[in-house]
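To find a chain, count down the sequence lines: A is the first, B the second, and so on, and within it residues start at 1.
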Number of protein chains: 2
Amino acid sequence: MESFYATRTDEMLRAHGLSRTQGRIALLKLLASQKAPVSSAFLLRKLGTSWDETTLYRALNTFVTYGILAQFDFGHGHAHYEIAHDKPHHHHAVCESCGHIEDIPAHDSPQLTASALKAARGFKRFTRHSLEFYGLCTKCT
Amino acid sequence: MESFYATRTDEMLRAHGLSRTQGRIALLKLLASQKAPVSSAFLLRKLGTSWDETTLYRALNTFVTYGILAQFDFGHGHAHYEIAHDKPHHHHAVCESCGHIEDIPAHDSPQLTASALKAARGFKRFTRHSLEFYGLCTKCT
DNA sequence: GTAATATTTGCAAGTAACTTGCGTTTATTA
DNA sequence: TAATAAACGCAAGTTACTTGCAAATATTAC
């Protein structure tokens, strides 16, 4: 019997006709076990030294392109990645001192986008939005 | 009689005890005349070749530190800067095709932050938030 | 206004986070 | 199981930005 993650990661790759290599599966499992977006450096550290940097970046980019992952920028000088496949919409909280990042479940009112759209002259539609809250986490206060 | 911008930029620098050099004043005037955040490459282009790249980055960083400017990241691989001094809160719309950026005046309900704070385990307070809407602008549709 | 002091600037060199090219390996398809 | 296509790993390259330090400019003290 396959694990929950194994089945899901397999499905993510299969759905887009992507090769299900050992490495990619390990990467997606690792990402699936995170509670918030993580950096490529974190992934490289966790995956072990056997992993090649180029391969990681290439996999991450491929996954972002296919919508398996979402990529975020919190102003830390590097990107953060998170499983997007089947994940409900949410926002992020970012600690300005230690960099701690937390997912915040979001139930956006459609009004949020609607009123933004009304105010934006040059746009007729938005496909997505991203909302980040910054502050000090309880450990850094 | 000094121009509106001259007076304001002067004030921005003076308020923080920063040297009011020709270059810094020209930079702030240019920034003050923009309707949305701009990149360092844009600023360098507009200011002319006489401007040194290092000097620009150093000035931008100083201004961000003192709250004169706000820095944003829209996933374009480089930062965008905007006057923050005395500017009312707003969000941004970003075109995923041409990169066009637009300010969106925002009247956030206090509830937006309040409900996020309630949902965020590790935070007791947020100092700021940033909300970006992504889509295709009317020119790219 | 002028000298003393502090800040800013410009050049050269350096760094971090990726990206590209290309030959080899691994996975998928026939 | 062979043929084909996708992914990998190494080396080299790029971009956006940073650091060190001496020279220039601005501010402050007289």
request  = Anything under 30° is parallel, anything over 60° is perpendicular, the rest tilted; go ahead and classify A/H16 against A/Y66.
outcome  = tilted

Atom CG of A/L47 and atom C1' of D/dG9 are separated, to the nearest Å, by 15 Å

- prompt: Which part of the nucleic acid, if any, lies within contact of B/A59, taking any heavy atom under 4.0 Å across all strands shown: a base, the sugar-phosphate backbone alone, or nothing?
  reply: nothing

- Does atom NZ of A/K87 have more than 12 heavy-atom neighbours from other groups under 6.0 Å away? yes

Separation of D/dC8 atom P from A/R24 atom CZ, nearest Å, is 5 Å

Categorize B/A41 for me: base, sugar-phosphate, or nothing, with a 4.0 angstrom heavy-atom threshold over every strand shown. nothing

Whole-Å distance, A/L13 CG to D/dC8 P, equals 10 Å

Taken to the nearest whole Å, CG/B/L60 to P/C/dT9 is 11 Å

Side-chain contact test, heavy atoms from C-beta onward, threshold under 4.5 Å: evaluate it for A/V38 versus A/L30 and give yes or no. no

Between A/Q71 and A/V64 (side chain of the first, backbone of the second, donor and acceptor by atom type, cut-off under 3.5 Å), is there such a pair? no

B/I25 CD1 to C/dT8 P, in whole Å, measures 12 Å

Here the distance between atom P of D/dT19 and atom CD of B/E53, to the nearest Å, is 15 Å

B/N61 has its side chain closest, among D/dT18, C/dT19, D/dC8, to D/dT18

Check your understanding: Sub-3.5 Å donor-acceptor pair from the side chain of B/H107 to the main-chain atoms of B/P105, do we have one?
Key -> no

Ordered by number, residues from residues 62-74 of chain A within less than 4.0 Å of DNA chain D (heavy atoms) are none

Between CZ of A/R14 and P of D/dA7 the distance, given in whole Å, is 14 Å

Checking B/H80 against B/D73: is there a side-chain donor and acceptor pair closer than 3.5 Å?
no

For C/dT19, does either OP1 or OP2 sit under 4.0 Å from a side-chain N or O belonging to A/Y57? no

Of A/Y134, A/F133, A/F72, the one forming a ring-ring contact (aromatic ring centres under 6.0 Å, His included) with A/H92 is A/F72

* Hey, does B/Y81 have a side-chain heavy atom less than 4.5 Å from the side chain of B/Q34? -> no

Scanning both residues in full, the closest heavy-atom pair of A/R24 with A/S19 reads NE-O, 3.2 Å

Per atom distances to the A/H78 side chain, the nearest of C/dA17, D/dG9, D/dG20 is C/dA17

Distance test, side-chain N/O of B/S40 to OP1/OP2 of D/dC17, below 4.0 Å
yes

inquiry  = Taking any heavy-atom pair under 4.0 Å as a contact, classify A/G77: base, sugar-phosphate, or nothing.
reply    = sugar-phosphate

B/H76 atom NE2 is separated from C/dC18 atom P, nearest whole Å, by 16 Å

| said: For B/H85, is there any backbone N or O sitting under 3.5 Å from a side-chain donor or acceptor partner on B/R8? | reply: yes

Please enumerate all protein N or O atoms sitting under 3.5 Å from an N or O of nucleotides 22-30 of chain C, with distances to 0.1 Å.
from, atom 1, to, atom 2, distance (Å)
C/dT28, OP1, A/R20, N, 3.0

